Visitor: 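Right, I'll just put the structure down here and ask away after.
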There are 2 protein chains.
Amino acid sequence: MNSQGFPKVTGPSDDKATPTMPPYNVFEDRCPTRLVLERLADKWAVLILARLEPGPVRFNHLRRGIKGISQKVLSQTLKRLERDGLISRSVFASVPVTVEYALTPLGRTLTETISALAHWAENNMDAVLAAQAAYDGAAV
Amino acid sequence: MNSQGFPKVTGPSDDKATPTMPPYNVFEDRCPTRLVLERLADKWAVLILARLEPGPVRFNHLRRGIKGISQKVLSQTLKRLERDGLISRSVFASVPVTVEYALTPLGRTLTETISALAHWAENNMDAVLAAQAAYDGAAV
DNA sequence: CAGTATCCCCCTCGATACTG
DNA sequence: CAGTATCGAGGGGGATACTG
């Protein structure tokens, strides 16, 4: 990478028009990229996005699919994701009302990236587990 | 992807030896892959890993490099990452003691994956911001 | 310099109950 | 079915002070 360390530091569109366009930098606490971090820092959000990958899912179905999530957290996380433009919410006026959540195109690009993480987990889980065991063993 | 939705569900090494090797599944709360999620669910951990990417860094240097982190959180997060085998801690008995933190080979493979996330943030930040503005605007 | 220890507040999350 | 409202416990994290 670069000398800064992390993100390739270029604004999304460096037109000369924008007066003070600071380059994105996760290490600055005012940087909007921290927002993405916050989003992923929510484990539930990640799981929801993952769960929506195959296709639209209804609220309670989502709830049952993600072991351990409460309806409150599910609800508020869904709202946040919708606000971020990552998922869409569609209401169908059926007899008992039906609501479907689905990935937006934007959300879909994120889940692609996230799946890279999932693969990392699959491939390196054992190494992490072993490291923990070694660390804990040595500590005793 | 697959029908399950998220991870390519295969054990890291599906030898026929292991008796009950449940396939990794993030949606199960007992699945070790949740551990990776927990790790990334810590925004500070991500920032630390990112910061270590260019090379070894000392404690206070790290602290100054990551705006907003407290020494307590830095300390405990470093310990966790070390336990997970993602970073190493080297003590140099110089006049004032010096400690360097660095990525392990394992940690390095993770930062590669994480940088994909950073690039996503760079490329899609504007879309997210726009979505938020639209959402908030419509709400009023 | 590189931490540990302590206090304390906030904010999240879970549980429960209620609504359209 | 798909949520919202309220309460209450818990823990993470910040600020500060101290140590080797």
Side-chain angles (χ1 to χ4, degrees), chain A residues 26-30 34-35 37-48 51-52 55-84 87-102 135 138-139, chain B residues 27-30 34-35 37-49 51-52 55-84 87-102 135 138-139:
Chain A
V26 267
F27 300 113
E28 296 298 328
D29 31 8
R30 310 292 277 166
R34 282 262 175 127
L35 191 147
L37 235 49
E38 302 286 348
R39 191 53 54 246
L40 271 115
D42 186 355
K43 130 185 128 185
W44 297 123
V46 174
L47 288 175
I48 289 172
R51 204 58 174 172
L52 288 179
V57 186
R58 284 177 300 100
F59 186 86
N60 280 325
H61 190 254
L62 210 40
R63 188 152 111 82
R64 277 186 296 270
I66 302 173
K67 285 287 294 178
I69 197 169
S70 70
Q71 73 217 116
K72 178 183 147 191
V73 170
L74 176 57
S75 174
Q76 74 189 17
T77 306
L78 284 170
K79 234 178 287 182
R80 275 199 286 252
L81 291 172
E82 188 191 357
R83 187 173 104 98
D84 290 351
I87 67 173
S88 62
R89 179 177 179 276
S90 309
V91 183
F92 299 95
S94 40
V95 188
V97 65
T98 299
V99 180
E100 267 188 6
Y101 291 92
Y135 186 95
Chain B
F27 300 114
E28 295 299 326
D29 31 8
R30 310 292 277 165
R34 281 262 173 125
L35 192 148
L37 235 50
E38 302 286 348
R39 193 52 56 244
L40 271 116
D42 186 355
K43 132 183 127 187
W44 297 123
V46 174
L47 288 174
I48 289 172
L49 289 174
R51 204 58 174 173
L52 288 179
V57 186
R58 284 178 302 99
F59 186 87
N60 279 325
H61 191 254
L62 209 41
R63 188 154 111 82
R64 278 186 295 271
I66 302 172
K67 286 286 294 178
I69 197 169
S70 70
Q71 73 220 116
K72 178 185 146 188
V73 170
L74 176 57
S75 175
Q76 74 189 16
T77 306
L78 284 170
K79 234 176 290 183
R80 277 199 285 252
L81 290 172
E82 188 192 358
R83 188 173 103 97
D84 289 351
I87 66 173
S88 63
R89 178 176 179 276
S90 309
V91 183
F92 299 96
S94 41
V95 189
V97 64
T98 299
V99 180
E100 265 187 6
Y101 291 92
Y135 186 94

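Letters A, B, ... mirror the listed sequences (proteins, then strands); counts begin at 1. Computed from a predicted model, the values in this text were never measured in an experiment.
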Visitor: Closest heavy-atom contact between A:Y101 and A:L52?
Guide: O-CD2, 3.4 Å
Visitor: Starting from P on D:dG13, measure out to NZ on B:K67 and report it in whole angstrom.
Guide: 19 Å
Visitor: Both A:V73 and B:V99 contact DNA chain C. Taking the nearest nucleotide for each, which residue is further toward the 5' end?
Guide: B:V99
Visitor: Taking all non-hydrogen atoms of both residues into account, name the closest pair between A:Y135 and B:K79 and its distance.
Guide: OH-CG, 3.5 Å
Visitor: Using the rule given for side chain to side chain contact (heavy atoms under 4.5 Å, CB included), can you reason through B:L78 versus B:L62, listing the C-alpha separation, both sets of side-chain angles and the distance that settles it, and then say yes or no?
Guide: CA-CA 10 Å; B:L78 284 170; B:L62 209 41; 3.9 Å; yes
Visitor: Does a side-chain N or O from B:R89 land closer than 4.0 Å to OP1 or OP2 of C:dG3, or not?
Guide: yes
Visitor: B:R80 or B:Q71: which one's nearest nucleotide on DNA chain D is closer to the 5' end?
Guide: B:R80
Visitor: Quick check on D:dA2: is either OP1 or OP2 less than 4.0 Å from any side-chain nitrogen or oxygen of A:S75?
Guide: no
Visitor: Which dot-bracket notation, 5' to 3', represents the base pairing of DNA chain C when pairs are defined as Watson-Crick or G-U with both distances under 3.5 Å, crossing pairs as [ ], and inter-strand pairs as |?
Guide: ||||||||||||||||||||
Visitor: What is the separation between atom CZ on B:R63 and atom C1' on D:dG13, rounded to the nearest whole Å?
Guide: 14 Å
Visitor: Rounded to the nearest Å, what distance is computed from the CD1 atom of residue A:I69 to the P atom of nucleotide C:dG14?
Guide: 8 Å
Visitor: In whole angstrom, what separates A:R64's CZ from D:dG3's P?
Guide: 13 Å
Visitor: To the nearest Å, how far apart are B:Y101 OH and C:dC1 C1'?
Guide: 11 Å
Visitor: May I ask you to evaluate whether A:Q76 reaches the phosphate of C:dC13, defined as a side-chain N or O under 4.0 Å from OP1 or OP2?
Guide: yes
Visitor: Would you mind reporting whether B:I69 and B:L47 have side-chain heavy atoms less than 4.5 Å apart?
Guide: no
Visitor: Taking all non-hydrogen atoms of both residues into account, name the closest pair between B:I66 and B:W44 and its distance.
Guide: CG2-CZ3, 3.8 Å
Visitor: Would you name the heavy atoms of A:P56 and A:E100 that are closest together and state the gap between them?
Guide: CB-OE1, 3.4 Å
Visitor: Grab the two heavy atoms, one from A:Q71 and one from A:F59, that are nearest each other, plus how far apart they are.
Guide: O-CZ, 3.9 Å
Visitor: Looking at D:dA2, I'd like to know if its phosphate oxygens (OP1 or OP2) sit under 4.0 Å from a side-chain N or O belonging to A:R58.
Guide: yes
Visitor: When you check the phosphate oxygens OP1 and OP2 of C:dT4, does a side-chain N or O of B:K79 lie under 4.0 Å from one of them?
Guide: yes
Visitor: Starting at CG of A:L78 and ending at P of C:dC13, how long is that distance when rounded to a whole Å?
Guide: 13 Å
Visitor: For the side chain of A:S70, counting heavy atoms from C-beta on, which of D:dG3, C:dG14, C:dG3 is nearest?
Guide: C:dG14
Visitor: Rounded to whole angstrom units, what separation is found between the CD1 atom of B:I87 and the P atom of C:dA2?
Guide: 14 Å
Visitor: Whole Å only: how far is the NZ atom of A:K72 from the C1' atom of C:dA17?
Guide: 13 Å
